[in-house]
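We count residues from 1, following the sequence as given. Keep in mind that the numbers below use all heavy atoms, side chains included, and drop hydrogens, waters and symmetry copies.
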Amino acid sequence: MTTTLAPFSFHTTPGLVFRPSAAGELGAIAASRLGGSVLFVTDPGLTRLGLGEPAIASLQEAGLKVTVFDAVEADPSLATLMKAVEIGRAANATGVAGFGGGSSLDVAKLAALLLGSGEDLDEAWGVGNAKGPRLPLVLVPTTAGTGSEVTPVSIITVGQEEKRGVSSALLLPDIAVLDPDLTLGLPPAITAATGIDAMVHAIEAYASRSANNNPLSKTLAREALRLLAANIETAVFDGQNMEARSAMLLGSMLAGQAFANSPVAAVHALAYPIGGTFHVPHGLSNALVLPHVLRFNAPEAAHLYAEIAGDCFPDLAGGDDTQGRCSAFIERLAGLSARVGLQQRLRDVGIGEEHLAKMAADAMKQQRLLVNNPRAVSQADALDIYRAAW
Ligand SMILES: [Zn+2]
């Protein structure tokens, strides 16, 4: 018997460096790519901690002029992006280095694009609309979750709470530098939320209804889940454990590669109104709706969830009982989220029941994500899911 493999495309960051202390060797790794003047994009918290200093010193030792822009906030605004571009332009930047969590990396990506091409951002929003070329770009994540170093997307907050995105292969950096040392000091709550977010990326990529869901993404998602599920508790409760931190950073990158090519779905669509309106961190927003969305999806996706159940929880591997393994998988995920200390209900993060209807309406705006969900989600379904999560 022959089976026809469905056509697909797969894009990822061409250069990956993974090693402890790599950030302090950023000059040796990336200086030749970045040119003589680099815009270094980071956030004020990391500046206070001095976490970026070895990377900056290393670039300077390699002969580069380094201009630091460290005003990136959570859910970065259009004004912040434009300020970064202005500062990069004044410095005649020849390359951009992003250093931080997903927010700093997202700003670095679009700053590199706008500095390199001079194009109008209003024409670049959406999928495949960026023109380029961008400046050389190197990204150094300091959290293990977003996978932004290997995704072609940058999300910016426009106005009060509207999230707009640019998705283009141009936003994949030239090099991603993964240094697990940078994640050793992450507090337990951030480790937990970002770790669950990475697991959601892998779960949603694996089960995605996207026409481009593909064997590479599926393979990467399973390995990501194996690494993340086995190490998240150790990383949360024993933050200095280098093995666990390394596994989380690698796992979040693999999950990022998976969902960059087989996009995420209703967990993320329903998480966005929680983050946008109530300023709940992205990973926690996902964790709050995760078990409820998976239960909703189970009638269509039980076989898929059963396939990956054993990657997360080895004792759930194998056997004929697809429904039983799917149910156990969802309950175990909910239990894991509670064990790593995350809040479990929407009411726990200050969301009143009266807000749920508006959130369900807002979630419907995320059609670019909802189309990937294994089961169609109506506004009434979204409201039911929020009620279950409340
Ligand atoms: Zn996410």
Quiz item: Can you check whether Val41 reaches Leu105 side chain to side chain, under 4.5 Å on heavy atoms?
Solution: no
Quiz prompt | From CG (Leu216) to NZ (Lys218), nearest 0.5 Å | solution = 12.5 Å
Self-check item: Least distance between heavy atoms, Thr146 atom then Phe259 atom
Solution: O-CE2, 3.7 Å
Self-check item: Thr42 side-chain N/O to Phe99 backbone N/O, donor-acceptor pair under 3.5 Å
Solution: yes
Exercise. Answer yes if the side chains of Ser210 and Asn213 hold a donor-acceptor pair under 3.5 Å, and no otherwise.
Key: no
Quiz item: Is it the case that Thr151 and Lys109 place a side-chain donor and acceptor less than 3.5 Å from each other?
Solution: yes
Quiz item: If you group Ile, Leu, Val, Met, Phe, Trp and Tyr by side-chain heavy-atom gaps below 4.5 Å, do Trp390 and Leu294 land in one group?
Solution: yes
Quiz item: Taking only residues two or more places apart in sequence or in another chain, which ones pass salt bridge (Lys or Arg N to Asp or Glu O under 4.0 Å) with Glu233?
Solution: Arg339
Self-check item: Charged N-O contact under 4.0 Å between Glu86 and Arg89
Solution: no
Quiz item: When the ring centroid of Phe69 is compared with that of Phe40, is the distance short of 6.0 Å?
Solution: no
Quiz prompt | Side-chain donor/acceptor of Asn373 to backbone N/O of Ala265, under 3.5 Å | solution = no
Quiz item: With distance as the sole test, does Ser104 use its side chain to make a donor-acceptor pair with the main-chain N or O of Gly101 at under 3.5 Å?
Solution: no
Exercise. Measure from the side-chain N and O atoms of Gln344 to the backbone N and O of Leu342, and report whether any donor-acceptor pair falls under 3.5 Å.
Key: yes
Quiz item: Backbone N or O of Gly126 within a donor-acceptor pair of the Ser167 side chain at under 3.5 Å?
Solution: no
Exercise. Report yes or no: does Arg164 contribute a side-chain atom to a donor-acceptor pair with the main-chain N or O of Trp125 at less than 3.5 Å?
Key: no
Quiz prompt | From CE (Met253) to CG (Leu227), nearest 0.5 Å | solution = 10.0 Å
Quiz item: Would a 4.5 Å heavy-atom cut-off, applied to side chains only, mark Ile203 and Phe329 as touching?
Solution: yes
Quiz item: Do you know the tightest heavy-atom contact between Asp179 and Ser21?
Solution: OD1-N, 2.9 Å
Practice problem: Report the C-alpha distance between Asn286 and Ile196 in whole Å, list the side-chain angles of each, state the deciding distance to 0.1 Å, and finish with yes or no for side-chain contact (heavy atoms from CB on, under 4.5 Å). | Solution: CA-CA 8 Å; Asn286 276 305; Ile196 295 284; 5.5 Å; no
Quiz prompt | Exam field: side chain Asn372 to backbone Arg209, donor-acceptor pair closer than 3.5 Å | solution = no
Quiz item: Does atom NZ of Lys83 have more than 12 heavy-atom neighbours from other groups under 6.0 Å away?
Solution: no
Practice problem: List the steps and the verdict of side-chain contact (heavy atoms from CB on, under 4.5 Å) for Gln343 and Leu284. | Solution: CA-CA 8 Å; Gln343 287 138 308; Leu284 177 56; 3.3 Å; yes
Quiz item: Which heavy-atom pair separates Ala23 from Val140 by the least distance, and what is that distance?
Solution: CB-CG1, 4.4 Å
Quiz item: Hey, is the main chain of Gly95 close enough, under 3.5 Å, to the side chain of Arg134 for a donor-acceptor pair?
Solution: no
Practice problem: From the options Leu220, Leu178, Thr13, select the one residue that forms a side-chain contact (heavy atoms from CB on, under 4.5 Å) with Val150. | Solution: Thr13
Quiz item: Side-chain heavy atoms under 4.5 angstrom apart, residues restricted to Ile, Leu, Val, Met, Phe, Trp, Tyr: same cluster for Phe8 and Val371?
Solution: no
Exercise. Kindly determine whether Leu16 and Glu149 satisfy side-chain contact (heavy atoms from CB on, under 4.5 Å), including the steps that lead there.
Key: CA-CA 9 Å; Leu16 299 169; Glu149 69 277 9; 5.8 Å; no
Practice problem: Give a yes-or-no answer on whether the side chains of Asp197 and His282 include a donor-acceptor pair shorter than 3.5 Å. | Solution: yes
Quiz item: Atom SG in Cys326, atom CG in Asp321: separation rounded to 0.5 Å?
Solution: 10.0 Å
Quiz item: Side-chain contact, heavy-atom cut-off 4.5 Å: Tyr272 with Leu369?
Solution: yes
Quiz prompt | Heavy-atom donor-acceptor pair, Arg345 side chain to Ala388 backbone, under 3.5 Å | solution = yes
Practice problem: Applying side-chain contact (heavy atoms from CB on, under 4.5 Å), run through Thr67 and Lys65 and close with a yes or a no. | Solution: CA-CA 7 Å; Thr67 305; Lys65 184 181 101 174; 3.9 Å; yes
Self-check item: Heavy-atom check, side chain of Leu26 versus side chain of Val177, under 4.5 Å
Solution: yes
Quiz item: Between Ile385 and His292, which heavy-atom pair has the shortest distance, and what is it?
Solution: CG2-CB, 3.8 Å
Quiz prompt | Main-chain N/O of Met242 paired to Ser246 side chain as donor or acceptor, under 3.5 Å | solution = yes
Exercise. State, yes or no, whether a side-chain contact exists between Ile87 and Leu39 at a heavy-atom distance under 4.5 Å.
Key: yes
Exercise. Could you tell me whether the side chains of Glu25 and Ser58 share a donor-acceptor contact shorter than 3.5 Å?
Key: no
Quiz item: Heavy-atom count around Gln160 CD within 6.0 Å, excluding the residue itself: above 12?
Solution: no
Self-check item: Nearest heavy-atom neighbours spanning Leu5 and Pro215
Solution: CD1-CG, 4.1 Å
Practice problem: Indicate whether the side chain of Asn214 and that of Ser217 have a donor and an acceptor atom separated by less than 3.5 Å. | Solution: yes
Quiz item: Heavy atoms, side chains only, cut-off 4.5 Å: are Glu243 and Asn231 in contact?
Solution: no
Practice problem: Could you tell me whether the side chain of Ile274 reaches within less than 4.5 Å of the side chain of Leu346, counting heavy atoms only? | Solution: yes
Quiz prompt | Any donor-acceptor N or O pair under 3.5 Å, side chains Arg245, Thr191 | solution = yes
Practice problem: Would you confirm whether the ring centroid of Phe278 sits within less than 6.0 angstrom of the ring centroid of His355? | Solution: yes
Exercise. Please check if Leu186 and Met199 belong to a single hydrophobic cluster, counting links between Ile, Leu, Val, Met, Phe, Trp and Tyr side chain heavy atoms closer than 4.5 Å.
Key: no
Practice problem: Please report the closest heavy-atom contact between Gly319 and Arg325, naming both atoms and the distance. | Solution: O-NH1, 3.0 Å
Quiz item: Any side-chain heavy-atom pair from Ile232 and Val340 closer than 4.5 angstrom?
Solution: yes
Practice problem: Determine, using the 4.5 Å side-chain heavy-atom cutoff (strictly less than), whether Val236 and Val200 are members of one ILVMFWY cluster. | Solution: yes
Practice problem: Taking only Lys NZ, Arg NE, NH1 and NH2, and the carboxylate oxygens of Asp or Glu, determine whether Glu353 and Arg387 approach each other closer than 4.0 Å. | Solution: no
Quiz item: Taking atom CG of Leu228 and atom OG of Ser252, what is their separation to the nearest 0.5 Å?
Solution: 7.0 Å
Practice problem: Give a yes-or-no answer on whether the side chains of His268 and Glu204 include a donor-acceptor pair shorter than 3.5 Å. | Solution: yes
Practice problem: Can you measure from CG (Leu121) to CD1 (Ile156) and round to the nearest 0.5 angstrom? | Solution: 8.0 Å
Practice problem: Examine the side chains of Glu73 and Thr80 and answer whether a donor and an acceptor come within less than 3.5 Å of each other. | Solution: yes
Self-check item: Presence of salt bridge, Arg48 and Asp43, under 4.0 angstrom
Solution: no
Side chains of residues 301-315: which donor-acceptor pairs under 3.5 Å do they make with residues two or more places apart or in other chains?
{"residue": "Tyr305", "atom": "OH", "partner": "Asn297", "partner atom": "ND2", "Å": "3.1"}
{"residue": "Glu307", "atom": "OE1", "partner": "Tyr206", "partner atom": "OH", "Å": "2.5"}
{"residue": "Asp311", "atom": "OD2", "partner": "Arg222", "partner atom": "NE", "Å": "2.7"}
{"residue": "Asp311", "atom": "OD2", "partner": "Arg222", "partner atom": "NH2", "Å": "3.3"}
{"residue": "Asp315", "atom": "OD1", "partner": "Arg332", "partner atom": "NH1", "Å": "3.2"}
{"residue": "Asp315", "atom": "OD2", "partner": "Arg332", "partner atom": "NH2", "Å": "2.5"}

Quiz item: Are Val153 and Leu113 joined in one hydrophobic group, where the rule is that I, L, V, M, F, W and Y side chains link up if heavy atoms are under 4.5 Å apart?
Solution: no
